[in-house]
Amino acid sequence: MASIFTKIIEGEIPCHKIAEDHKFIAFLDINPNAKGHTLCVPKDEVDKLFDLGEQDYLQLLQFSRNVAKALERTIPCNRIGLSVIGLEVPHVHVHLIPINDMKDMSFQHKISMDQDEMADLAEDIRKNF
Ligand code: 5GP
């Protein structure tokens, strides 16, 4: 069965898109740790990060770096944290999280944003590429 992220990539499920090319997509996390929490996802459905081919792995990091730079230009924060987990969604994704302290990297600490706020934020980030 297709992962929830494949359904997003195929347009079956909506997302607040940040960036896309022929191999990767980035969109806002639906349940963010902090404002601007973004997921960078390869379009090929592979479960685990280190099972990606070497080229896809390096290109995912390059794509994520470009997204992180746009996040830094948009959201005042100390830095962009990066995490790879995958326990909830078995389709590789890099979490990029604008952080100010360690609690922003704790997946127990969540913020709430409504759909309009998410849409406006995604637009602001897209303008900063
Ligand atoms: P992980 O698999 O790394 O533990 O976490 C999966 C992440 O995907 C979570 O942060 C969760 O909020 C996010 N997520 C799960 N389903 C959706 C969805 O349908 N849309 C979006 N934008 N994010 C999702």
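What you see below is based on every heavy atom in this structure, not just the backbone, and it leaves out hydrogens, waters and symmetry mates. Order of appearance sets the numbers: ligands from 1, and atoms from 1 within every ligand.
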Review point. Does atom NZ of Lys48 have more than 12 heavy-atom neighbours from other groups under 6.0 Å away?
Key: no
Point to revise | Proximal atoms of ligand 1 relative to His93 (non-hydrogen, under 4.0 Å) | key: 1 (P), 2 (O), 3 (O), 5 (O), 6 (C)
Exercise for review: Say whether His37, considering both its backbone and side-chain N or O atoms, lies within less than 3.5 Å of an N or O atom on ligand 1.
Suggested key: no
**Study point:** N or O contact, Val89 vs ligand 1, cut-off under 3.5 Å
**Key:** yes
Practice item. Look at ligand 1 and say whether Phe107 reaches it with a heavy atom at a distance under 4.0 Å. Key: no
Check your understanding: Under 4.0 angstrom from ligand 1, any heavy atom of Ile13?
Key -> no
**Study point:** Glu12 atom CD, over 12 foreign heavy atoms within 6.0 Å
**Key:** yes
Practice item. Around atom 12 (O) of ligand 1, find the nearest protein heavy atom and jot down its residue, atom name and distance. Key: Asp29 OD1, 2.5 Å
Exercise for review: Output yes when Lys43 and Glu20 qualify as a salt bridge under the 4.0 Å nitrogen-oxygen rule, no when they do not.
Suggested key: yes
Review point. Any chance the rings of His91 and His93 have centres within less than 6.0 Å?
Key: no
Check your understanding: Hey, quick one: are Leu28 and Val41 part of the same hydrophobic cluster, counting side-chain heavy atoms closer than 4.5 Å, chains of contacts allowed?
Key -> no
**Study point:** Among Lys7, Met118, Glu88, closest by any non-hydrogen atom to atom 15 (C) of ligand 1
**Key:** Glu88
Check your understanding: Atoms of ligand 1 less than 4.0 Å from Asn31 heavy atoms?
Key -> 12 (O)
**Study point:** ligand 1 contacted by Gly86 (non-hydrogen, < 4.0 Å)
**Key:** yes
Revision key, fill the gap. Closest to atom 19 (O) of ligand 1 among protein heavy atoms sits Ile4 CG1, 3.6 Å
Exercise for review: Using the rule that two of Ile, Leu, Val, Met, Phe, Trp, Tyr join whenever any of their side-chain heavy atoms come within less than 4.5 Å, decide whether Val67 and Val84 are in one cluster.
Suggested key: yes
Check your understanding: Do any nitrogen or oxygen atoms of Ile8 come within less than 3.5 Å of a nitrogen or oxygen of ligand 1?
Key -> no
Check your understanding: Does NZ in Lys23 sit with more than 12 non-hydrogen atoms of other residues, nucleotides or ligands closer than 6.0 Å?
Key -> yes
Review point. Got a sec: does the CZ of Arg73 have more than 12 other heavy atoms crowding it under 6.0 Å?
Key: yes
Exercise for review: May I ask you to identify the nearest protein heavy atom to atom 24 (C) of ligand 1, giving residue, atom name and distance to one decimal place in Å?
Suggested key: Ile30 CG2, 3.5 Å
Practice item. Return a yes/no value for His95: is any of its N or O atoms, backbone included, closer than 3.5 angstrom to an N or O of ligand 1? Key: yes
Study note, to complete from the structure: In this structure, atom 22 (N) of ligand 1 is nearest to the protein heavy atom Leu28 O, 2.9 Å
Check your understanding: Can you tell me how far CG of Asn66 sits from SG of Cys40, rounded to the nearest 0.5 angstrom?
Key -> 9.5 Å
